[in-house]
Protein chains: 2
Amino acid sequence: MSLESYMNQIGQQARAASRLLAKASTEHKNNALLAMADALEKARPRLIEENAKDIQNGKKKGLDAALLDRLLLSDARIDGMIEGLKQVAGLPDPIGEITDMLYRPSGIQLGKMRVPLGVIGIIYESRPNVTIDAASLCLKSGNATILRGGSEAFYSNQAIAEAVTAGLNAVGLPESAVQVLNTTDRDAVGRLIAMPEYVDVIVPRGGKGLIERISKDARVPVIKHLDGNCHVYIDDEADLDKAFKIALNAKTRRYGVCNAMESLLIHQAVAQQILPKLVSAFHEKGVELVGCDATRSIVAGSAASDIAIGVATQEDWFTEYLAPKLSIKMLSDMEEAIEHINHYGSHHSDAIISQNYSKTRAFMTQVDSSSVMVNASTAFADGFEYGLGAEIGISTDKIHARGPVGLIGLTSQKYIVLGDGHTRDN
Amino acid sequence: MSLESYMNQIGQQARAASRLLAKASTEHKNNALLAMADALEKARPRLIEENAKDIQNGKKKGLDAALLDRLLLSDARIDGMIEGLKQVAGLPDPIGEITDMLYRPSGIQLGKMRVPLGVIGIIYESRPNVTIDAASLCLKSGNATILRGGSEAFYSNQAIAEAVTAGLNAVGLPESAVQVLNTTDRDAVGRLIAMPEYVDVIVPRGGKGLIERISKDARVPVIKHLDGNCHVYIDDEADLDKAFKIALNAKTRRYGVCNAMESLLIHQAVAQQILPKLVSAFHEKGVELVGCDATRSIVAGSAASDIAIGVATQEDWFTEYLAPKLSIKMLSDMEEAIEHINHYGSHHSDAIISQNYSKTRAFMTQVDSSSVMVNASTAFADGFEYGLGAEIGISTDKIHARGPVGLIGLTSQKYIVLGDGHTRDN
């Protein structure tokens with residue numbers, strides 16, 4: 001079969017399955033998730049065996065240690081997938097929720113009903129456990145899924161797909177509710193993102209390169225996450241103890257995550273007091289520091305003068321390091337902080353530390369980011385912390401879904417109109 | 001200046017203005033709308049003069065009477081624009097609304113704040129009053145707007161733009177909050193829909209050709225409205241008096257509107273009773289009828305046998321006539337109706353007429369349309385009827401906005417996190 005025919009068939013099957021999933025009961029969907037968990041448990045030896053092929057191929061291809069680690073399906077990671085399925089089964093079902101039912105002057109009663117999006121295409125890179133994460137959230141929200149994993153995880157993903165199919169079969173849901181593409185042909189991705197007749201939305205998960213490429217070529221809406229260039233702004237009216245704790249947490253809790261602080265902005269009036277203390281703490285944790293001229297000269301004239309602060313360039317302000325590195329800038333007021341964040345930031349998560357009522361209010365309103373924190377760490381920007389139960393990603397877009405995307409982000413709402421013979425006069 | 005430079009400048013100015021609009025107070029925005037209404041009133045002679053140029057050019061170009069009528073700025077239409085501005089000023093401001101503030105186990109308090117999308121590009125065809133409709137809704141929702149009207153309305157749109165600018169100036173909002181492109185170069189549209197750095201969403205208003213072209217080439221999300229191929233399904237358990245009234249209203253209230261019924265589906269068990277009566281009523285109103293074989297044979301053997309019913313083709317079931325024409329199909333159960341609607345329909349607005357509780361519930365859940373009506377006319381699918389105050393269009397998409405799009409559809413929500421020194425442990 002040609003790739004074109006194969007993809008059309010996958011698309012048609014997904015569309016057909018989506019109609020059945022849209023009317024599947026909560027219990028039916030939950031049973032499918034639990035049956036998948038059982039099937040994964042039974043397939044454990046096979047998963048590890050197939051994964052070993054991927055690891056071996058990866059080593060041959062010279063993948064680096066970090067990539068090989070992401071690729072690995074250990075027993076603990078299989079436990080994680082099984083646990084994840086059970087957690088998603090335990091989440092409330094968003095589908096069918098009816099809200100805002102109100103009578104209109106015409107006599108009709110108008111409300112909204114939450115419904116699935118339809119068919120969701122997921123494109124991801126090395127980590128095979130994304131197959132389960134994505135499939136479970138999509139299934140619970142009543143959507144059919146077409147998954148395309150990285151070629152380096154091919155055997156692992158196919159083995160996971162078998163368990164998913166077994167789970168669907170066990171409860172009598174259509175196998176094509178979750179389809180994992182069985183080709184590594186790159187043209188399959190090109191086709192998947194350009195079939196609006198079969199696919200309603202694409203969620204790419206992976207590096208910035210992948211996401212930019214997909215967004216550029218997609219003919220279907222894309223829920224995407226690009227950079228997480230997050231800021232903490234310490235105001236001149238900040239409680240400096242809170243500021244110290246939060247800045248340290250936002251940078252050093254983890255380095256490779258999108259909600260980590262990448263730039264620290266400090267009001268010049270409190271810099272003498274807090275900057276040397278923070279610089280020492282970051283240095284102790286092994287964080288490389290770059291800063292503006294004012295930052296460098298304050299540190300140079302302080303007790304922390306032995307700590308080297310590099311020169312921050314324009315590019316630094318734009319950069320998501322995802323590493324133990326931080327840029328620091330001195331500012332003369334909050335407006336400057338807001339402008340800096342809106343200009344250099346990535347509209348992900350940004351925090352103000354201040355005790356001033358009016359300033360926190362202005363910052364919350366004017367910072368154009370998917371999460372705005374007041375006296376709290378940017379590290380909280382996360383689907384689990386936000387109570388979404390799980391997340392399929394964090395959207396840096398404004399359209400449809402913004403911030404951490406859970407089950408609700410995979411749904412839409414339709415209007416429902418209840419009448420009793422009502423017609424419209426004018 | 002090259003077109004490229006011109007469009008970049010427009011884009012940069014819009015982005016800058018959007019920052020100021022995002023923090024403009026409700027009063028400031030309302031005053032701008034009222035000042036625009038004043039400016040339009042003062043510009044009345046000029047509007048009519050400039051519009052006369054467009055009409056004259058249109059006649060030279062041989063535009064048909066319907067197009068010339070849409071182009072015309074009569075005194076009544078100028079009244080309409082002024083009234084529209086005042087109505088939008090009177091609507092509640094959605095921006096800044098904070099909802100769902102709840103404490104999380106970590107101690108942070110999490111909620112959502114409604115915010116503008118940023119910059120909205122509107123592309124429309126002949127009717128110059130869309131300039132005011134679109135600009136007012138975008139301004140009220142805190143968005144900067146870039147408007148590109150049809151070349152046939154060029155002089156009218158430029159004159160309206162002057163009044164809009166005068167209104168913005170009068171209250172000290174930036175002129176670039178609303179920019180009407182002063183070029184008829186078609187490449188300007190191509191550029192407008194491909195500047196994600198400056199434009200957050202595109203709303204095309206016009207014929208299907210325009211919308212398809214724009215959706216195909218856009219590099220920015222598009223809120224679009226394609227067909228309105230709406231259905232009414234009369235169930236075997238329908239109250240036939242209600243069914244008669246609703247079917248007649250859905251088809252004959254107006255013919256050229258997207259919420260008009262284009263296909264009537266009737267359960268075979270009640271066809272003998274209701275079909276001849278409906279056929280006579282449609283015939284009296286001058287509606288051309290086509291139907292399936294069963295429909296034609298029932299009518300042929302009834303008191304309405306003198307009324308000609310053409311043969312409905314596959315294409316008829318897919319067609320939005322926007323005209324006094326209707327296709328009629330006989331079905332053997334509700335499931336067939338749901339399948340027909342989901343397959344041939346355009347996911348716009350579809351109704352069931354039935355007294356059966358389970359069937360109305362199943363229809364509501366399973367029909368995949370932006371509005372689903374129970375015992376009510378599809379004619380209600382409209383922003384004013386739904387209480388949105390005004391609408392920028394009706395979306396047939398599922399992503400972001402679905403159904404009639406008012407102020408809320410031009411906004412997004414960001415997360416806000418309130419802490420008091422909160423950091424994340426794990």
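When reading the values below, keep in mind they use all heavy atoms of this one structure, side chains included, and skip hydrogens, waters and symmetry mates. Below, chains carry the letters A, B, ... as their sequence lines are ordered, and counting in each starts from 1.
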Review point. Side chains of V374(A) and R361(A): closer than 4.5 Å at any heavy-atom pair?
Key: no

Check your understanding: What option among I416(B), T360(B), I399(B), L418(B) has the most heavy-atom pairs under 4.5 Å with chain A?
Key -> I399(B)

Study note, to complete from the structure: Counting heavy-atom pairs under 4.5 Å with chain A, the top scorer among M373(B), K245(B), E385(B), K23(B) is E385(B)

Exercise for review: Against chain B, label K216(A) side chain, backbone, both or neither, depending on which of its atoms sit under 4.5 Å from a heavy atom there.
Suggested key: both

Point to revise | S346(B) versus D227(B), side-chain donor and acceptor atoms under 3.5 Å | key: no

Study note, to complete from the structure: Honestly, the part of S371(A) sitting under 4.5 Å from a heavy atom of chain B is both

Check your understanding: What salt bridge (charged side-chain N to carboxylate O under 4.0 Å, His left out) pairs are there with at least one residue in residues 366-380 of chain B, not counting sequence neighbours?
Key -> R19(A)-D368(B), D368(B)-K398(B), D368(B)-R402(B)

Point to revise | Pairing of K359(B) and E237(B) as salt bridge, 4.0 angstrom limit | key: yes

Practice item. On the 0 to 90° scale, with breaks at 30° and 60°, tag the H231(B)-H340(B) ring pair as parallel, tilted or perpendicular. Key: perpendicular

Review point. Is a side-chain donor-acceptor pair under 3.5 Å present for S141(A) with N143(A)?
Key: yes

**Study point:** Min side-chain heavy-atom separation V119(A)-Y198(A) under 4.5 Å
**Key:** no

Exercise for review: Please name all residues satisfying ring-ring contact (aromatic ring centres under 6.0 Å, His included) with Y255(A), sequence neighbours left out, ordered by chain then number.
Suggested key: none

Check your understanding: With the threshold set at 4.0 Å, does a side-chain nitrogen-carboxylate oxygen contact exist between K414(A) and D350(B)?
Key -> no

Point to revise | Polar side chain donor-acceptor pair, S377(A) to N249(A), under 3.5 angstrom | key: yes

**Study point:** H343(A) vs F318(A) side-chain heavy atoms within contact, under 4.5 Å
**Key:** yes

Review point. Salt bridge between D93(B) and R114(B), side-chain N to carboxylate O under 4.0 Å?
Key: no

Practice item. Name the region of P404(A), side chain, backbone, both or neither, that has any atom closer than 4.5 Å to a heavy atom of chain B. Key: both

**Study point:** Interchain contact, L117(A) with chain B, by part (heavy-atom threshold 4.5 Å)
**Key:** both

**Study point:** Proximal component of S215(A), with respect to chain B [non-hydrogen, under 4.5 Å]
**Key:** backbone

Exercise for review: Find the one option among R254(B), R253(B), Q109(B), Q355(B) whose heavy-atom pairs under 4.5 Å with chain A are most numerous.
Suggested key: R253(B)

Exercise for review: Pick whichever of R104(B), H347(B), R219(B), K242(B) has the most heavy-atom pairs under 4.5 Å with chain A.
Suggested key: R104(B)

**Study point:** Per-residue contact mode, I108(A) against chain B (heavy atom under 4.5 angstrom)
**Key:** side chain

Revision key, fill the gap. Turns out that what part of S369(A) lies under 4.5 Å from chain B's heavy atoms comes down to backbone

Practice item. Go through the atoms of D217(A) and report whether side chain, backbone, both or neither lie under 4.5 Å from a heavy atom of chain B. Key: neither

Point to revise | Y103(A) portion near chain B, given a 4.5 angstrom heavy-atom threshold | key: neither

Review point. For L110(B), is it the side chain, the backbone, both or neither that has a heavy atom under 4.5 Å from a heavy atom of chain A?
Key: side chain

Review point. Does some side-chain heavy atom of R424(B) sit less than 4.5 Å from a side-chain heavy atom of N259(A)?
Key: yes

Practice item. Would you mind checking which part of M113(A) comes under 4.5 Å of any heavy atom in chain B, side chain (CB onward), backbone (N, CA, C, O), both or neither? Key: side chain

Review point. Which one of G403(A), G96(A), S106(A), A401(A) has the most heavy-atom pairs closer than 4.5 Å to chain B?
Key: S106(A)

Check your understanding: What part of V222(A) lies closer than 4.5 angstrom to a heavy atom of chain B: side chain, backbone, both or neither?
Key -> neither

Practice item. Considering only heavy atoms and a distance below 4.5 Å, find which of G387(A), P116(A), A22(A) pairs most often with chain B. Key: G387(A)

Practice item. Tell me, for S370(B) versus chain A, whether the close heavy atoms (under 4.5 Å) come from the side chain, the backbone, both or neither. Key: backbone

Exercise for review: Measure distances from N342(A) to the heavy atoms of chain B and classify the residue's part below 4.5 Å as side chain, backbone, both or neither.
Suggested key: both

Review point. Any side-chain heavy atom of I353(A) within less than 4.5 Å of one from Y233(A)?
Key: no

Exercise for review: Below 4.5 Å from any heavy atom of chain B, which atoms of V115(A) appear? Answer side chain, backbone, both or neither.
Suggested key: side chain

**Study point:** Residue part contacting chain B, namely of E339(A), when any heavy atom lies under 4.5 Å
**Key:** neither

Check your understanding: With chain A, which of A379(B), P196(B), A362(B) has the greatest number of heavy-atom pairs at distances under 4.5 Å?
Key -> A379(B)

